[in-house]
A.B. asks: 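Pasting a structure below so you can have a look.
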Amino acid sequence: MTSATPDPPSNTAPGWPYCGPGAAAQDPASCRGRRVPGYSVCLAHLAEADRAAYLAALTPGADIDHRGTTFTKEVLNRLLNALRDPATGRPRLGDARFGGAAFTGDADFGGAAFTGTARFGGATFTGDAVFGGANFGRDTVFGGATFTGGAGFGGATFTGDAQFDKATFTGVAEFHKAAFLGDAGFGGATFTGDAHFAEATFTGDARFSETRFTRDARFAGSTFTFGAWFGGVTFTGDAQFVGATFAAGAWFAGAAFTGDARFVGATFTNNACFERARFAEVARLGPLVCGDTVALDGALFGEPVTVEMAARVVTCDRTQWASTATLRLRYAELDLSDAVLEYPLTVTAHPRPFARPRGGLLETPLSGSDPSVRLTSVGGVDAAHLVLNDIDLSTCRFAGAVHLDQLRVDGRCTFATTPTGVQRRWPLPRWWTLRRTLVEEHHWRARRPPRAMARGWYERRRHGAARLRDERMLLVAYVHPVAARGWTLPPPDTPALKPAALAALYRQLRKSLEDGKNEPDAADFYYGECEMRRHDTTRSGGERALLTAYWMLSGYGLRAGRALVWLLGAMAVTLLTLLLWGLPVDDPKPTTTGRQVAVGQEVTWTTDTPDPVNPTGPWPERVTTERFEKALRVVINSVVFRSSGQDLTTAGTYTEMASRLAEPVLLGLAVLAIRSRVKR
């Protein structure tokens with residue numbers, strides 16, 4: 001972009017042949033106007049006859065140089081009339097150099113055609129500056145210019161680069177429907193009055209870095225084809241970007257929105273950066289559409305706000321919410337890492353396209369994508385103020401968050417699940433019961449080496465095998481596709497968590513789900529907590545053995561099918577044992593014996609039941625219908641903890657005692673598992 005020619009200090013002589021009438025010793029250039037060619041003074045001080053002769057010699061399209069000259073309205077009009085093209089009726093200028101010039105009245109360049117470079121750097125416009133409909137054929141420089149009155153550039157066309165860096169607009173700055181075909185630079189400019197850029201077109205880069213808008217800044221309906229740079233801009237009044245289109249990246253990093261920020265219907269085809277932006281009194285941000293990433297990292301929201309966005313990615317790393325807020329999103333992957341929540345923040349998935357006054361918001365940049373919202377991380381967040389509604393949490397990392405037990409999970413929030421199908425794993429195939437898990441468990445299991453490989457590596461380590469480090473690196477590189485079969489691989493920068501940390505995560509989230517009356521999902525998280533405790537090598541061996549037994553028998557009291565299988569197995573073993581060894585050959589029959597000593601004397605009778613006789617003979621002969629019915633009765637009574645009343649052998653008696661202890665426990669575990677799934 002062309003740089004502006006700086007206006008020399010008032011006590012320094014300019015770098016061009018200057019007029020200087022009335023110069024004093026302390027001011028070598030009291031009149032800094034560029035001398036008219038062939039004369040010793042500037043156009044403002046030229047004698048009337050000489051001025052008329054000079055103007056009469058000008059033709060449309062001529063190059064002019066009147067730097068530092070003071071123009072009254074009359075002198076400027078006479079100059080422009082001399083350059084007026086008879087064919088169009090409009091002034092036509094070649095290279096126009098007005099750097100440092102002073103326009104004391106209204107300066108009307110409306111409709112003028114600048115076929116060369118137009119330089120107004122450091123110029124001062126005391127009255128209105130009218131450039132509406134002007135055509136700037138090459139680069140245009142207004143850097144450091146001062147517009148005390150209105151600045152009218154509505155409908156103007158800037159074919160080359162347009163530079164307004166550090167310009168000052170005291171009145172209304174009108175750029176309505178202006179077309180910037182090259183780069184447009186307003187860096188460091190100050191707009192004290194309203195700034196109207198509605199429906200303006202920026203084909204090149206639009207640079208508004210460090211610009212100050214004291215009153216309303218209106219960019220409604222504007223189109224930004226390349227980058228739009230608003231970094232460090234201060235919007236004291238309302239910032240209106242309603243319906244604006246940003247075809248490339250848009251940067252509002254460090255911008256300060258003291259008034260309202262209106263982005264209703266704005267479309268960002270590429271990234272939209274609001275890093276470190278300050279939204280002091282913004283009640284609503286959006287709805288807007290972004291085809292890539294909306295970065296709110298480090299931004300500050302000072303008042304209650306509703307943010308509505310349809311974007312591919314939304315990042316809120318270290319974002320500060322100083323009041324209540326609601327994030328209504330579509331399509332987005334949301335990252336809340338280290339966000340500061342001082343008040344409740346609700347994140348919800350919007351079920352349908354956002355509405356706007358002139359119809360629904362077009363989501364063309366996101367067409368074909370899944371409209372659901374996926375939360376990727378809440379690390380470093382105080383979850384006591386976080387509410388999630390209808391959010392996909394299957395890839396969300398909860399590690400590092402605090403107060404997870406107070407997290408509110410409403411609506412249909414989904415978590416990751418265990419792999420499905422049979423997994424080939426040494427020494428036997430394995431399959432996983434479907435349950436909800438945290439993605440951290442996926443990462444932990446994906447990092448675990450297969451047992452056969454780990455055993456071989458540790459044996460070589462134990463015996464001091466050569467090149468151990470290389471083998472370890474090979475093991476780590478090879479283990480992922482083997483051990484992670486069905487489990488999600490962690491990103492490269494994800495820290496490894498130990499089972500103890502995972503157990504704590506499961507415990508806190510289980511409490512959160514239980515408080516929300518979500519008992520089925522809470523049961524799955526209890527399962528995950530017990531799994532991590534079972535694999536935690538820092539716990540005692542006895543506790544881990546107890547948890548292993550609990551897992552094998554009933555899946556920690558949550559797998560009714562597993563408990564029923566063990567129950568049926570125990571009943572089958574009991575039944576078979578009774579058939580083969582527990583039931584006697586025949587039921588013992590009481591026998592009464594006695595004697596009578598004399599008539600009339602007392603008679604003594606003794607009743608005795610013989611001991612059960614153990615069955616003998618081949619085993620197939622012991623399996624009869626009658627014996628099966630008796631054994632089945634004993635087994636059923638054992639399950640309900642009742643005595644069958646059946647005479648048994650010694651082996652059968654001990655078998656019944658064991659079954660009356662174990663089988664009711666297994667039945668209770670099955671009932672407990674069913675209860676956990678249907679509990680309200």
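For the numbers below, each heavy atom of this structure counts, side chains included, while hydrogens, waters and symmetry mates do not.
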A.B. asks: Does Arg312 reach the side chain of Leu366, with side-chain heavy atoms less than 4.5 Å apart?
C.D. replies: yes
A.B. asks: Taking 4.0 angstrom as the limit, do Lys511 and Glu529 come out as a salt bridge?
C.D. replies: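 No, Lys511 and Glu529 are not salt-bridged.
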A.B. asks: Do Thr126 and Thr148 have a side chain donor and acceptor closer than 3.5 Å?
C.D. replies: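 No, because no side-chain N or O of Thr126 sits under 3.5 Å from a partner of the opposite role on Thr148.
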A.B. asks: Measuring only between side-chain heavy atoms, which start at C-beta, is Thr170 closer than 4.5 Å to Phe147?
C.D. replies: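 In short, these two side chains do not touch, never coming nearer than 4.5 Å.
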A.B. asks: Salt-bridged, Arg445 to Glu531, with N to O below 4.0 Å?
C.D. replies: yes
A.B. asks: Under the ring pair (Phe, Tyr, Trp, His ring centres under 6.0 Å) test against Phe274, which residue among Phe301, Trp251, Phe263 passes?
C.D. replies: Phe263
A.B. asks: Do the side chains of Asp338 and Arg318 get close enough for a salt bridge, i.e. N-O under 4.0 angstrom?
C.D. replies: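 No, Asp338 and Arg318 are not salt-bridged.
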A.B. asks: Does the pair Asp524/Arg436 count as a salt bridge with the N-to-O cut at 4.0 Å?
C.D. replies: yes
A.B. asks: Counting N and O atoms only, with roles assigned by atom type, does the side chain of Tyr506 sit under 3.5 Å from a partner on the main chain of Leu438, one being a donor and the other an acceptor?
C.D. replies: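 Judged by distance alone, yes, a pair lies under 3.5 Å.
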A.B. asks: Taking side chain as C-beta onward, heavy atoms only, is Val314 less than 4.5 Å from Glu333?
C.D. replies: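 They are not in contact (no side-chain heavy atoms under 4.5 Å apart), so the answer is no.
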A.B. asks: Would you mind telling me which of Ile391, Thr376, Val347, Val378 makes a side-chain contact (heavy atoms from CB on, under 4.5 Å) with Leu334?
C.D. replies: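 So, applying the side-chain contact (heavy atoms from CB on, under 4.5 Å) to Leu334 and each of Ile391, Thr376, Val347, Val378, only Val347 qualifies.
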A.B. asks: Under a 4.0 Å N-O cut-off, is there an ion pair linking Glu363 with Arg330?
C.D. replies: yes
A.B. asks: Flag the pair Trp444 / His535 as yes when at least one side-chain heavy-atom distance between them is below 4.5 Å, and no otherwise.
C.D. replies: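 Yes, their side chains come closer than 4.5 Å.
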A.B. asks: If the plane angle is over 60° it's perpendicular, under 30° parallel, otherwise tilted; pick one for Phe180 and Phe186.
C.D. replies: perpendicular
A.B. asks: Would you call Phe219 and Phe175 a side-chain contact if the rule is heavy atoms closer than 4.5 Å?
C.D. replies: no
A.B. asks: Roughly how far apart are Glu199 CD and Ser222 OG, rounded to 0.5 Å?
C.D. replies: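 Output value for this atom pair is 8.0 Å.
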A.B. asks: Ring-plane angle category for Phe153 and Phe131, please: parallel below 30°, perpendicular beyond 60°, tilted otherwise.
C.D. replies: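 Parallel.
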A.B. asks: Roughly how far, to the nearest 0.5 Å, is CG of Leu375 from CG of Asp335?
C.D. replies: 8.0 Å
A.B. asks: Inspect the contact between Arg533 and Asp536 and indicate whether a charged nitrogen and a carboxylate oxygen are less than 4.0 angstrom apart.
C.D. replies: no
